[in-house]
Amino acid sequence: MKIGVLFFGVLKEVIGGSSETLDLPEGARVREVLFYYARKAPRFEAMVPSLAISVNQEYSGADRALCDGDEVGLLPPVSGGSAQGEIRKEARGEVRGEVKIVHEPIDSEAVVGRLKQPADGAAVIFDGVVRDNTRGRRTLYLDYEAYEAMALKQMESLAVEARARFAVRGVSIVHRLGRLEIGETSVLIVVAAGHRGAAFEACRWIIDTLKKTVPIWKKEYFEDGAIWADGEAFPEEIRSPGGTAGEQPASK
């Protein structure tokens with residue numbers, strides 16, 4: 001059977017490409033994909049404990065059985081046309097928010113304006129901005145990439161969970177991809193609620209969770225070179241591939 005494999009961030013450089021097609025026997029499991037790339041690229045094996053795995057745009061473990069045509073994503077820690085989510089409305093016409101991945105500058109004022117309603121007592125905004133330095137090195141610009149379809153699904157889930165968990169009225173999340181210059185907005189989160197406490201808590205939870213779970217990566221460009229940014233570790237429930245690539249499959 002044929003399995004599509006996708007690579008992101010630093011893995012593209014380790015493997016030497018962004019995608020491949022593998023021929024695997026019927027009944028093969030995800031861990032056999034890991035074994036294959038551990039043999040092909042020695043650097044890959046050392047990275048396995050920090051990777052997350054997806055199958056058909058959903059996080060998965062290494063024991064999952066694969067089917068012909070499945071798409072496996074191998075995801076290093078995230079950094080923390082375009083896919084887009086719609087502006088959601090309740091039946092009575094109340095705007096609940098929007099979730100988007102864009103490739104053009106984010107119009108922060110417009111996003112805030114679309115979400116705020118007369119009943120809101122607070123609109124808390126997180127505006128993630130590209131800074132001009134990283135650990136003492138002068139940054140020239142950043143380049144963001146994502147597993148776009150999966151990232152959008154994860155962002156939409158965050159918006160839904162935040163509304164339920166913190167009892168806030170509306171949530172908008174917009175993330176930009178591609179080349180971003182110093183001072184430009186990379187991610188905008190807006191939370192609207194009747195009271196500021198819930199809005200602050202929800203906004204903080206969304207950005208902290210997004211940086212750990214949504215498959216988006218950034219490459220930092222400096223005067224003397226470029227590197228993929230060190231990402232935050234995936235939560236344990238995601239970063240559990242079910243064994244290391246160095247373990248051989250049981251004999252049959």
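Only heavy atoms go into these numbers, but all of them, side chains included; no hydrogens, no water, no symmetry mates.
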What closest approach, in Å, do [X] and [Y] show between heavy atoms, and which atom pair accounts for it?
X: P76; Y: L51; result: CA-CD2, 3.7 Å
X: V168; Y: A162; result: CG2-O, 3.8 Å
X: E181; Y: V130; result: O-CB, 3.5 Å
X: V78; Y: L210; result: CG2-O, 4.3 Å
X: R31; Y: D63; result: NH2-OD1, 2.6 Å

Output yes when a side-chain donor or acceptor of [X] lies under 3.5 Å from a complementary backbone atom of [Y], and no otherwise.
X: S50; Y: M47; result: yes
X: N133; Y: G136; result: no
X: H175; Y: S186; result: yes

Which of these passes side-chain hydrogen bond (donor to acceptor under 3.5 Å, both in side chains) with [X]: [options]?
X: Y147; options: E71, Q154, K153; answer: E71
X: Y37; options: E45, R43, E20; answer: E20
X: D208; options: R204, K212, K211; answer: R204

Show which side-chain atoms of residues 1-18 pair as donor or acceptor with protein atoms under 3.5 Å away, not counting sequence neighbours.
{"from": "K2", "atom 1": "NZ", "to": "D23", "atom 2": "OD1", "distance (Å)": "2.8"}
{"from": "K2", "atom 1": "NZ", "to": "D23", "atom 2": "OD2", "distance (Å)": "3.4"}
{"from": "K12", "atom 1": "NZ", "to": "E145", "atom 2": "OE1", "distance (Å)": "2.5"}
{"from": "E13", "atom 1": "OE2", "to": "K219", "atom 2": "NZ", "distance (Å)": "2.9"}
{"from": "E13", "atom 1": "OE2", "to": "W228", "atom 2": "NE1", "distance (Å)": "2.9"}

ILVMFWY clustering at 4.5 Å (side-chain atoms), partners of V129: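 Taking Ile, Leu, Val, Met, Phe, Trp and Tyr as members, V129 stands alone, with no cluster partners.
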